[in-house]
Structure formats: C-alpha cells, structure tokens
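Every chain is numbered from 1 and lettered A, B, ... according to where its sequence line falls, protein lines coming before strand lines. Treat the numbers as computed from the prediction; the structure is a model and nothing was measured.
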Number of protein chains: 2
Amino acid sequence: MESESNLSIKEVATRSGLSVHTLRYYERIGLIAPVARASGGQRRYRGADLEWIGFLLRLRATGMSISGMQEFARLRSAGDGTAGARRIMLEGHLARLLGEIEALQQAAGVLQAKIAHYRQIEHSLAPDQPIEGKQHATRTLRQRTRQA
Amino acid sequence: MESESNLSIKEVATRSGLSVHTLRYYERIGLIAPVARASGGQRRYRGADLEWIGFLLRLRATGMSISGMQEFARLRSAGDGTAGARRIMLEGHLARLLGEIEALQQAAGVLQAKIAHYRQIEHSLAPDQPIEGKQHATRTLRQRTRQA
DNA sequence: GCTTGACTTCGAGCGCGCTCGAACTCTTAA
DNA sequence: TTAAGAGTTCGAGCGCGCTCGAAGTCAAGC
C-alpha cells in the first residue's frame, strides 16, 4: 500500500535516518507541516515532505538550531512572499558556516601537526624502529564514526 | 601579582573565552590537571596550562565529546608512553573531522543554490526590477522545484 | 470475534555540557 | 578593624534536542 509518494512514517524514518519519534516530534513543533493522513489517521508522507526533511537535515547538520529551523519553516509556510526573508536567513547561516569550515580546517592542521609530533615521540622512545619505513603500513585512517 | 605564568582564573577566563565556572568544571572532571595554588588556595595558571586549554578548545570545536577529551587527558597525564595511543585517538578524530568538513562544504553548496533560487523567486515577484544589469528576465522557474 | 502489530497522542524523562547559587575563606585597601 | 571583592567548594538546576513509555486506535489475518 506504499508508493513513492505515499510513505509510512517507518519508511520515512528508514530513508531519512531520523527515528519515528523524531519525525513526529518535528511535526509537533512545526518543523514539518502537518502530514497527510490515511483513513485510519496514519501519516502518509509525500515526495515533497521527503525533500523538505532532507533540507532540514542539511540545516541541522550545519548547526542551525531548532528555533532557527522553526523560523525558517514558518516563513516557508507563509509562501513565496517570504522568499527574501528566507534568503537573508540562509545568507547569514551560510556566512556562519563558511567561517566554521575555515576554523575546522585550521583545527585539522593543528591535529595533523600534533599527530606528527606524537610520531616523533614514539620514534624517540623506540629508536630501533625505522622512522618512515614503508613496511608495516601506517595505521592512518583508522575508523570513521558517524555523524555529519 | 600576576605574571605571564601566574594567572588568576579570571584572567584565564578572559584569555580563553571560557567562563570561570567552566574552567573549574573542567578541572573538576579531569580535563585540566589540578592547577597550582597561591598561598590562599587560589588557582594560579601556568603557560603550559594555557596551551593545554587552547588545545582542549580545538578538540571541543572539532566535536570531541567531554568523555573523549577526558580519555585524552588521562593518557596525556600518564606520560610519553601513551604517545601512540594519543596519536591513534587523534587520527580517528581527524578522519571524522575531515569527513565532516567535506559534508559541510557540500551543504554550503546546497545553501548557495537555495539562495540563488530565492533570488529568482524574488525577482519574479518584482518583475520591474532589473536583474543584475539585464532587463527583467521573465518569471523563470516559477513552479519548478517549489521550495524543497 | 480475536490477536497481532503498526500506528496514534501526550507528557515525562534523559544525556550532555555547562551554569548558577549558597555559603564560606582569604587578601587588600581605607 | 572593617568592608569590599575575588576567590573557594559543592550540589542543584537548566536548555537543548531528542527519546521513551503508557494507553489507546485501527486494519489485517486466522
């Protein structure tokens, strides 16, 4: 009974990575407009809902607060007349984001230097090991946890 | 009575951007090793403390959790023998960070596209405005891609 | 009809990372 | 000597963003 534009909350949870709890929570607080319902009252998400959720996730991943997203969603629901206000919001958000990306890149450099420093210490503590000996291939890139 | 290597908690708060509350909290939970005290029991931070706090702030800014930083601080206090373990921690953290930077850059691109899209809408709602020197370029893209 | 299971609403609870307030001590200046 | 002000400890509280549990509804299969 599920088509591409008629998705159960569970299916949307799977696709979006949000929990069903969080999907209902987002709707409750106005991040997602009231979703269409099947006869029995169950939610049926449309393609447009999925797209919007995807965009919300971008906003969230880039550090926008819930209240910021609420404001954005409110403007969106008010129609095209708020395009300017939304653009201004996004411009501010983008500026913040670009600044943060730079800060993170700088921090990455610091981490790299620190890692190199630790290699030095390790080498000086075990001086019989070759320093960059290409055998036993470096343990870089160990894991990569989750989250954006 | 304050020299460069003998700083009050207030001074350190000012320099680091952390609150005095947070500085004491960090010490309490083991992120900062017990700080030297003046005769009356007041904290006196050394240059090395400041450097460490700066590094902690990098870790925090790049998304390391308190418990992660606690683990790192614990290794650090155990001496050079833990250099390898610390390096491995940082390598994992760095890999995560690089992944996040990429995700953020992608998101920034999405935001930029969205901003451009809003400009289009704004222009189509006020068609008598010239668009960047050219005469008003019709109502492009009105219904396509609605908002999401 | 009855069971199963996926859904519903609603409010309470939780983990994280601070943040604050109370009560006290110590140093310094008047 | 006194008063102000900066520091101390400790535990409680808070804001954010979920997360969960209880109790109920609904549709489908046996």
query = For C:dC18, does OP1 or OP2 lie under 4.0 Å from any side-chain N or O of B:Y26?
reply = yes

key: Phosphate-side-chain proximity, B:S8 and D:dG7, N/O vs OP1/OP2 below 4.0 Å   = yes

request  = Using atom CZ of A:R60 as one end and atom P of D:dC16 as the other, report the distance to the nearest whole Å.
outcome  = 16 Å

Interatomic distance where CD belongs to B:E27 and C1' belongs to C:dC18 [whole Å] = 16 Å

Given DNA chain C, 5'-ward residue of the pair B:G41 and B:I66, judged by closest heavy atom = B:I66

ask   = Counting just side-chain N and O atoms, does B:R43 come under 4.0 Å of either OP1 or OP2 of D:dA6?
value = no

message = Taking the nucleotide of DNA chain D with the nearest heavy atom to each, does B:R28 or A:R28 sit closer to the 5' end?
response = B:R28

message = Please tell me if A:T22 has a side-chain N or O lying less than 4.0 Å from either OP1 or OP2 of D:dG17.
response = no

key: Electrostatic pair A:E71:A:R74 at N-O distance under 4.0 angstrom   = yes

inquiry  = Expressed as a whole number of angstroms, how long is the span from A:E11:CD to C:dA6:C1'?
reply    = 14 Å

Any A:S19 side-chain nitrogen or oxygen under 4.0 Å from OP1 or OP2 of D:dC18 = no

ask   = Can you tell me how far C1' of C:dC7 sits from CG of A:N6, to the nearest Å?
value = 15 Å

query = In whole Å, what is the span from the CD atom of A:Q70 to the C1' atom of D:dC18?
reply = 13 Å

query = Rounded to the Å, how far apart are B:L23 CG and D:dT9 C1'?
reply = 16 Å

message = Could you check whether any side-chain heavy atom of B:Q106 comes within less than 4.5 Å of a side-chain heavy atom of B:V110, counting everything from C-beta outward?
response = no

query = Mind checking whether B:W52 and B:Y45 have side chains closer than 4.5 Å, heavy atoms only?
reply = no

key: Backbone N/O of A:I29 and side chain of A:Q70: donor-acceptor pair under 3.5 Å   = yes

task = Choose from D:dC20, C:dT27, C:dT8 the nucleotide whose nearest atom is closest to any side-chain atom of A:I9.
result = C:dT8

Residue met sooner reading DNA chain C from 5', once B:S67 and A:Q42 are mapped to nucleotides = A:Q42

inquiry  = I want to check something: taking the side chain as every heavy atom from C-beta on, are A:F55 and B:L111 in contact at a cut-off of under 4.5 Å?
reply    = yes

message = Can you tell me if B:R37 touches the phosphate of D:dT9, counting only side-chain N or O atoms and a distance under 4.0 Å to OP1 or OP2?
response = yes

Short side-chain N/O contact to D:dT8 OP1/OP2 from B:R24, under 4.0 Å = yes

ask   = When the distance from OH of B:Y25 to C1' of D:dT8 is rounded to whole Å, what number comes out?
value = 19 Å

Rounded distance (Å) that lies between atom C1' of C:dT8 and atom CZ of A:R44 = 12 Å

